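Letters A, B, ... mirror the listed sequences (proteins, then strands); counts begin at 1. Small disclaimer: the values here were computed from a predicted structure and weren't measured.
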2 protein chains.
Amino acid sequence: MVRSELANSGAAPKIPRPATLRESVFEAILELIINGSLSPGRHLAESDLAELLGVSRQPVREALQMLNGEGWVDLRPGHGAFVHAPTVQEADQLLAVRSLLETESARLAALNREADGVARLRELCARGLSALEADDIETSVAANSDLHALVTELSGNKVLAELASQVSRRVRWYHTPVARQRGRASWEEHELLIDAIEAGDETRAAQIMRDHTEHTRSSYLDQRTSQPDGADEPEAPATRRRRPRSLSPS
Amino acid sequence: MVRSELANSGAAPKIPRPATLRESVFEAILELIINGSLSPGRHLAESDLAELLGVSRQPVREALQMLNGEGWVDLRPGHGAFVHAPTVQEADQLLAVRSLLETESARLAALNREADGVARLRELCARGLSALEADDIETSVAANSDLHALVTELSGNKVLAELASQVSRRVRWYHTPVARQRGRASWEEHELLIDAIEAGDETRAAQIMRDHTEHTRSSYLDQRTSQPDGADEPEAPATRRRRPRSLSPS
DNA sequence: GAACTGTATACTGTAGGCAGTCGACGACAG
DNA sequence: CTGTCGTCGACTGCCTACAGTATACAGTTC
């Protein structure tokens, strides 16, 4: 009796299942990659990471495989895992594909013209703008991301949204600095986009999104070619690095 | 002296590394899924697959994770792995995204206009046509696949090609029957496409590819809606199925 | 000094084991 | 008969161990 009442009441949320270790390790390693602690090309020894994170090799191995699936890490059989080292060309291609996917998403979102979704877009836009004016760059960048993700969601094509999410995640560290620079211009474009979506003008929505994302792409390229720092030079294939023999376990 | 000369000669190919077990297991399970031996929604117990394939659970576990990354398998922590059960809607979305990616690939291929690539396309087209005339459906279907893959390669955008490959892999079991039905019409469209690519006519190449892949999509939908077999009804979430107690180990 | 060989061991891929969770099924009460 | 509870064991997540491979380094030869 008591149990059936609880099940029906909807008042008691289910106890959330604790995150598996592999998920936690995934997030931990990803954070290390994104914040630069683990630099591109670096060899990732399972046992080192396991020791660092206080787990066994197994969840590390699984996390590395997940990271590989999302393009953050390259797995080479027999050699192990290496932080993915993107080239300028690859970044360019990723940004081009992102543009393609988000342009189509915007077009479909305008076709679908979902009133609730448009309201949510406007809310995100307002949040981004006020964060910008408060000089809160971090919130502004996050709102930017969320807005783009919502557009792909409003496309109504889940496969498209998933691919866009996958690509978006990988370009994160390319387009964030650009978004910072563009500031207000970026948000004005978002507003125009939302207008077009609301109006159901698929051609216009697509055109705005194409221009918007294409601008990010060319700005990134400008940035990279004006600051040649050799970080993207073709390097010799990284190998797994055995810890030097004389290194004492510290 | 001897060693440095051997490294430079390029005459001796390197011994290819044997595939890891996880890769072999991945392919084996994928084949079982594609040929229907492992039906959508089915629970995949690591230990059963390990016994079936004669390996330990570990490479099975890793293969399942790879399969999850490509959308063939759903992993639920605590419950295990289940063959992904696509809905008609999802198939539709996949085919739509495939159309988007391949249309853009064709456009870029026409922009790039690579003579060697065009020659390879024509060769594949000839192979497909002659296989069709010899009633060799299998070779015809394979050539069809290869031709599409080559177009994405000729786009020059590796990220795009990879995503297209990922999507193409997943739609394989949707569009193959359609390709069978369309036969000659399909190959005529391929010829027109190649002409457009060779001529560097990006607009025309894109249009032909869009129509071609869109045709596959609508043919698939026609087929599914004309044969409602309930296979795509929303089902209760599959759970991990403990082997019944009375089942004797056979 | 450069090139090569041999050795030691760090590291990867895989196998096997353990503890906790989940689901089938039997027992029992109403 | 239906519903509930408890038991059992299949199964998952993670740990540990082993075998083979890759790399660092020392020693030797030219």
| request: Please determine which of A/R42, A/E90, A/R170 meets the side chain to side chain donor-acceptor pair (under 3.5 Å) test together with A/H84. | output: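 By the side chain to side chain donor-acceptor pair (under 3.5 Å) criterion, A/H84 pairs with just one of A/R42, A/E90, A/R170: A/E90.
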
| task | Check the distance between D/dT12's C1' and B/D48's CG and give it to me in whole angstrom. | result |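 So the two atoms are 13 Å apart, to the nearest Å.
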
| task | Spell out protein contact along nucleotides 13-18 of chain D as letters: B when the base is contacted, S when just the sugar-phosphate is, - when no protein heavy atom is under 4.0 Å; keep the 5' to 3' order. | result | BBBBB-

| query | Base, sugar-phosphate alone, or nothing: which one does A/L44 contact when heavy atoms must sit under 4.0 Å apart? | reply |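 Counting heavy atoms under 4.0 Å across all strands, the contact made by A/L44 is with sugar-phosphate only.
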
Can you confirm whether the side chains of [X] and [Y] place a donor and an acceptor under 3.5 Å from each other?
X	Y	result
B/N157	B/S155	no
B/E62	B/Q58	yes
B/S99	B/T213	yes

| task | Only pairs at least two apart or in different chains count here, so list each ring pair (Phe, Tyr, Trp, His ring centres under 6.0 Å) that has a residue in residues 138-171 of chain B. | result |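 Found B/H148-B/H190, B/H148-B/H212.
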
